[in-house]
Amino acid sequence: ETGVTQSPTHLIKTRGQQVTLRCSSQSGHNTVSWYQQALGQGPQFIFQYYREEENGRGNFPPRFSGLQFPNYSSELNVNALELDDSALYLCASSPPPVAGVAKNIQYFGAGTRLSVL
Amino acid sequence: GDSVTQMEGPVTLSEEAFLTINCTYTATGYPSLFWYVQYPGEGLQLLLKATKADDKGSNKGFEATYRKETTSFHLEKGSVQVSDSAVYFCALSETNNDMRFGAGTRLTVKP
């Protein structure tokens, strides 16, 4: 069974540019969530996609946007990059919820490390 | 809003020592609780989980009990190994879309 895969692993951009990060969800998982993890901190929730629609969003500006495709893979797009956007971006996929089982069990990819210069 | 507070690190232990990493949470309802581990250069791996009060999650010798009365989910292991060196994150989820993480606790185990 293939786990969550993210690409690229590392990326260097300059301020003002745009970036697209990609994520393939684990087989059988129909929900994808994206997180930003700054150095030395815990992941912060950006948004979640379910059935190709945004299904919840954290406290991130509109220049952070996303897509989910029919095969449940997903993209994170960030426009007008700022220096503070430098972080590890994590994608997580979740299986369909099951009654009586923990809510929102998520399985993470290895992340994309974005550096903005 | 919901939040998680973790014991500040770093934590340094000798091999075979007992480990406790404290975690307390604030939530309006009945969240699910998780511990994730992050090894250097990798993403997060689910270590254990608990769904309701008094549930005990366990995996690879690690345990944590969901304590509603103290709003806590402390991580314990009886005898740590060098290979347990990593960053540990406590997290909660009250809905099916938003997971809140603590700031993480770095554990270093020395031989």
(request) For residues Tyr107(A) and Gln45(B), determine if any side-chain heavy atom of one lies less than 4.5 Å from a side-chain heavy atom of the other. (result) no
(request) For Leu90(A) and Gly43(B), work out which heavy atoms get closest and say how close. (result) CD2-CA, 4.1 Å
(request) State the CD-CG distance between Glu42(B) and Leu88(A), to the nearest 0.5 angstrom. (result) 11.5 Å
(message) Just checking Glu69(B): does its CD atom have more than 12 heavy atoms from other residues, nucleotides or ligands closer to it than 6.0 angstrom?
(response) yes
(request) Please check if Val4(A) and Phe69(A) belong to a single hydrophobic cluster, counting links between Ile, Leu, Val, Met, Phe, Trp and Tyr side chain heavy atoms closer than 4.5 Å. (result) no
(request) Quick one: pull up CE in Met99(B) and CD in Gln44(A) and give me the separation to the nearest 0.5 Å. (result) 13.5 Å
(request) List the atom of Tyr36(B), the atom of Ile105(A), and the distance in Å for their closest heavy-atom pair. (result) OH-C, 4.5 Å
(request) Answer with side chain, backbone, both or neither: which region of Phe47(A) has an atom nearer than 4.5 Å to a non-hydrogen atom of chain B? (result) neither
(message) For Leu44(B) versus Phe108(A), what's the shortest heavy-atom pair and its separation?
(response) O-CB, 3.2 Å
(message) Need one label for Gln37(A): side chain, backbone, both or neither, based on atoms under 4.5 Å from any heavy atom in chain B.
(response) side chain
(request) Would you kindly confirm whether Leu83(A) and Val19(A) end up in one hydrophobic cluster when ILVMFWY residues are joined by side chain heavy atoms under 4.5 Å apart? (result) yes
(message) If hydrophobic clusters are built by linking Ile, Leu, Val, Met, Phe, Trp and Tyr wherever their side-chain heavy atoms come under 4.5 Å apart, do Ile12(A) and Val78(A) end up in the same one?
(response) no
(message) For residues Tyr35(A) and Leu46(B): do they belong to one hydrophobic cluster (side chain heavy atoms under 4.5 Å, members Ile, Leu, Val, Met, Phe, Trp, Tyr)?
(response) yes
(request) Determine the option with the most heavy-atom pairs under 4.5 angstrom with chain B, choosing from Ala110(A), Gly109(A), Pro43(A). (result) Pro43(A)
(message) Quick check on Glu15(B): does its CD atom have over 12 non-hydrogen neighbours (other residues, nucleotides or ligands) under 6.0 Å away?
(response) yes
(request) Taking the side chain as every heavy atom from C-beta outward, state whether Phe45(A) and Phe101(B) have any pair of such atoms under 4.5 Å apart. (result) no
(message) According to a hydrophobic-cluster definition based on side-chain heavy atoms being under 4.5 Å apart (Ile, Leu, Val, Met, Phe, Trp, Tyr only), do Val80(B) and Val11(B) belong together?
(response) yes
